[in-house]
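Some notes on the structure that comes next.
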Amino acid sequence: KLTAINGRKVSSKGSEISANQDQTTDTEIFQISISNGTWTIRSADNTLWKTGGDGTVAKGGDGGADSQFTIEWLGASIALKGSNGKYVFMKKNGGLQAKSDECTDECKYVYELINRPKLVLRGEHGFVGTLPSGLIECNKSEPEVYSMHVTKGICSIQGANGKYWKVSPNGVTCSGDVSEEFTLVFVEESKFMIKCGDFYRQGAQ
């Protein structure tokens, strides 16, 4: 789900997409899918978002070029670009329109993931897992299942031991009593980067 600068949820109630709802129902929940670097956004009624000729963002996309969006990951927020290459901004009436050349505050939306509570990670060296000391390693032959929650764009990751991922001088450990504030950057299908502050988490042998 997405929250615009006016504090209201982006919604697919009606034919056009607008940030005009205070409560979260099915019409404020969307499914995003990436293919070849662009994204489609699907509403609860199985319709796709599209960019109209004047930049208006509405339902009714057929999966073609006008249904493709670009997402820029900005920490706890995202910015969308329509198929016309313009940023999607929130108009004064709450409607969304791809018509901005610059990424202003009106173009930024705080996002939340609500259906991905379980996390299994695999990098180039193997699966990510936790040592008895709490240190996170990335060369395991068997996966470990973590719990992940993304609230207001901030990601928390919790291990089976009930502790949270935290950044330490020796790397990342699963030993925190409170969650470190991570953010996510999705780059392609099933692949994303984890960021803490200005730094990405990197696996190494």
Side-chain angles (χ1 to χ4, degrees), residues 1-4 7 9-11 23-35 37-44 49 69-80 108-205:
K1 60 184 180 179
L2 301 171
T3 303
K9 307 292 188 300
V10 174
S11 176
Q23 303 298 321
T24 300
T25 66
D26 286 348
T27 53
E28 289 73 54
I29 297 172
F30 306 99
Q31 179 183 5
I32 60 173
S33 302
I34 188 172
S35 179
T38 59
W39 299 79
T40 55
I41 305 174
R42 189 176 299 274
S43 300
W49 290 21
F69 291 83
T70 302
I71 298 180
E72 295 181 1
W73 301 90
L74 309 171
S77 301
I78 64 171
L80 300 168
K108 298 175 183 179
Y109 306 88
V110 177
Y111 77 97
E112 295 190 31
L113 299 181
I114 62 173
N115 66 338
R116 290 291 183 268
K118 300 300 181 184
L119 178 67
V120 173
L121 295 171
R122 185 178 66 183
E124 62 177 328
H125 306 299
F127 289 103
V128 172
T130 308
L131 292 176
S133 65
L135 186 67
I136 301 294
E137 285 197 332
C138 61
N139 60 355
K140 301 300 184 183
S141 59
E142 297 291 334
E144 180 173 341
V145 179
Y146 297 95
S147 297
M148 181 181 78
H149 298 280
V150 179
T151 304
K152 295 183 179 180
I154 300 300
C155 172
S156 65
I157 303 174
Q158 187 177 29
N161 60 2
K163 299 293 187 178
Y164 292 93
W165 279 26
K166 64 178 291 186
V167 178
S168 71
N170 296 322
V172 179
T173 65
C174 191
S175 60
D177 292 324
V178 296
S179 174
E180 193 89 52
E181 293 189 350
F182 296 100
T183 56
L184 306 178
V185 179
F186 290 85
V187 291
E188 56 184 287
E189 187 174 0
S190 299
K191 293 183 179 180
F192 64 92
M193 297 182 288
I194 301 174
K195 197 173 184 181
C196 185
D198 295 327
F199 298 95
Y200 294 99
R201 300 299 97 195
Q202 181 180 6
Q205 289 278 44

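Sequence positions, counted from 1, serve as the residue numbers for this chain.
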* Is Leu184 close to Tyr111 at the side-chain level, that is, under 4.5 Å between some pair of heavy atoms? -> yes

* Are the side chains of Val10 and Phe30 in touch, meaning some heavy atoms are under 4.5 Å apart? -> yes

* Worked verdict on Thr40 versus Ser35 for side-chain contact (heavy atoms from CB on, under 4.5 Å) -> CA-CA 8 Å; Thr40 55; Ser35 179; over 6 Å; no

* Side-chain contact test, heavy atoms from C-beta onward, threshold under 4.5 Å: evaluate it for Ile194 versus Ile157 and give yes or no. => yes

* **Side chain Glu180, main chain Cys196, donor-acceptor under 3.5 Å** => no

* **Leu74 side, atom CG; Tyr109 side, atom OH - distance, nearest 0.5 Å** => 12.0 Å

* **Gap separating the CZ atom of Arg42 from the CD1 atom of Ile32, nearest 0.5 angstrom** => 12.5 Å

* If every non-hydrogen atom of Tyr146 is compared with every non-hydrogen atom of Gly159, which pair is closest and at what distance? -> CD2-CA, 3.7 Å

* Structure fact -> side-chain contact (heavy atoms from CB on, under 4.5 Å) test vs Thr3 passes for just one of Lys9, Lys152, Glu28, namely Lys9

* Asked: Would a 4.5 Å heavy-atom cut-off, applied to side chains only, mark Ile154 and Thr183 as touching?
  -> yes

* Asked: Taking atom OG1 of Thr130 and atom NZ of Lys163, what is their separation to the nearest 0.5 Å?
  -> 13.0 Å

* Asked: For the residue pair Phe182 and Trp165, does the interplanar ring angle fall in the parallel (under 30°), tilted (30 to 60°) or perpendicular (over 60°) class?
  -> perpendicular

* Just wondering, are more than 12 heavy atoms of other shown residues or ligands nearer than 6.0 Å to CG in Asp26? -> no

* **From SG (Cys155) to CG (Leu113), nearest 0.5 Å** => 8.0 Å

* Asked: What do the steps show when you test Thr24 against Ile114 for side-chain contact (heavy atoms from CB on, under 4.5 Å), and what is the final call?
  -> CA-CA 11 Å; Thr24 300; Ile114 62 173; 5.8 Å; no

* Structure fact -> dist Glu137:CD -> His125:NE2 (nearest 0.5 Å) comes out at 11.5 Å

* **Beyond-backbone contact of Pro117 with Met148, side-chain heavy atoms, under 4.5 angstrom** => no

* To do: For side-chain contact (heavy atoms from CB on, under 4.5 Å), just list the numbers for Leu80 and Ile71, CA-CA rounded to whole Å, side-chain angles, deciding distance to a tenth of an Å, and then say yes or no.
  => CA-CA 5 Å; Leu80 300 168; Ile71 298 180; 3.5 Å; yes

* Structure fact -> dist Thr70:OG1 -> Ile34:CD1 (nearest 0.5 Å) comes out at 9.0 Å

* To do: Would you name the heavy atoms of Cys174 and Asn161 that are closest together and state the gap between them?
  => O-ND2, 3.2 Å

* To do: Establish, from distance only, whether the side-chain atoms of Thr151 and Glu112 form a donor-acceptor pair under 3.5 Å.
  => no

* Does Glu144 CD have over 12 foreign heavy atoms under 6.0 Å away? -> yes

* So, for Trp73 and Phe192, is the gap between ring centers shorter than 6.0 Å? -> no

* Trace of the side-chain contact (heavy atoms from CB on, under 4.5 Å) decision for Val167 with Phe199 -> CA-CA 11 Å; Val167 178; Phe199 298 95; over 6 Å; no

